[in-house]
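Since the structure comes first, as structure tokens, the remarks are kept for the end.
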Amino acid sequence: MTITINNVRFDKVTEFSAERETRRTDIHYNTQGDMLIDLVNRKYKLTVLFGLLTESEMKQLRTLCSEIFVTVVFPAPEGEVTAEFHMADEPAPAVAVVNGVTMYGGVELVMLQK
């Protein structure tokens with residue numbers, strides 16, 4: 001599977017989850033306890049687990065994680081979706097040496113839609 005983050009393609013996705021979750025925002029109550037505003041949004045939460053990444057792929061991913069918002073293109077039941085996401089955590093990979101080449105495994109990203 002492939003996802004694209006800020007026009008950088010990552011094709012080593014081994015597990016992918018795109019969940020729709022309901023988020024409530026801007027809830028206000030008056031002095032009698034009546035709700036005045038209740039905005040409910042359905043947004044995606046993406047969980048992406050990558051296979052072994054090379055050093056250059058890992059560097060690209062870490063650079064992307066330093067940005068506040070990124071544009072992600074991913075497959076969904078309604079077709080290919082392009083949306084803005086926030087990555088709260090920087091990926092913390094396990095380092096492995098495969099045939100003398102440093103590879104990074106266990107890289108997981110959790111992204112919340114803006």
### Query
How long is the span from the CG atom in Leu46 to the CG atom in Leu112, to the nearest 0.5 Å?
8.5 Å
### Message
Quick check on the hydrophobic clustering: are Val110 and Leu53 connected, directly or via other members, by side-chain heavy-atom contacts under 4.5 Å?
### Response
no
### Message
Taking salt bridge (charged side-chain N to carboxylate O under 4.0 Å, His left out) as the cut-off, I'd like each qualifying pair that reaches into residues 54-75, sequence neighbours left out, listed once.
### Response
Lys12-Glu57, Arg62-Glu90
### Verdict with reasoning, Phe10 to Phe50, per ring-ring contact (aromatic ring centres under 6.0 Å, His included)
CA-CA 9 Å; Phe10 292 93; Phe50 295 91; 5.7 Å; yes
### Query
Measuring from Leu109:CG to Ile5:CD1, what's the distance to the nearest 0.5 Å?
5.5 Å
#### Entry: Nearest-0.5 Å distance, CD of residue Glu108 to CD of residue Glu15
8.0 Å
### Message
Could you check whether atom CG of Asn30 has more than 12 heavy atoms from other residues, nucleotides or ligands sitting under 6.0 Å from it?
### Response
yes
### Task
Measure the CG-OH distance between Leu61 and Tyr104 for me, rounded to the nearest 0.5 Å.
12.0 Å
### Query
Under a 4.5 Å cut-off applied to non-hydrogen side-chain atoms, are Leu49 and Val13 in contact?
no
### Message
With a 4.5 Å cut-off on side-chain heavy atoms, are Met103 and Val97 touching?
### Response
no
#### Entry: Cluster link Val101 to Leu52, ILVMFWY, side chain under 4.5 Å
yes
### Spatial distance of atom CZ (Phe69) from atom CG (Asn6) [nearest 0.5 Å]
12.0 Å
### Message
Under the rule for ring pair (Phe, Tyr, Trp, His ring centres under 6.0 Å), what residues qualify as partners of Tyr44, not counting sequence neighbours?
### Response
Phe74
### Query
Do Pro91 and Met58 come close enough that some side-chain heavy atom pair is under 4.5 Å?
yes
### Task
Give a yes or no answer on whether the side chain of Lys43 reaches the backbone of Thr22 with a donor-acceptor pair at less than 3.5 Å.
no
### Summary
To the nearest 0.5 Å, atom CG of Asp11 lies from atom CE of Met1 at 12.0 Å
### Query
Does Val81 reach the side chain of Val73, with side-chain heavy atoms less than 4.5 Å apart?
no
### Met111 side chain near Val72 side chain, heavy-atom distance below 4.5 Å
yes
### Task
Report yes or no: does His86 contribute a side-chain atom to a donor-acceptor pair with the main-chain N or O of Gln113 at less than 3.5 Å?
no
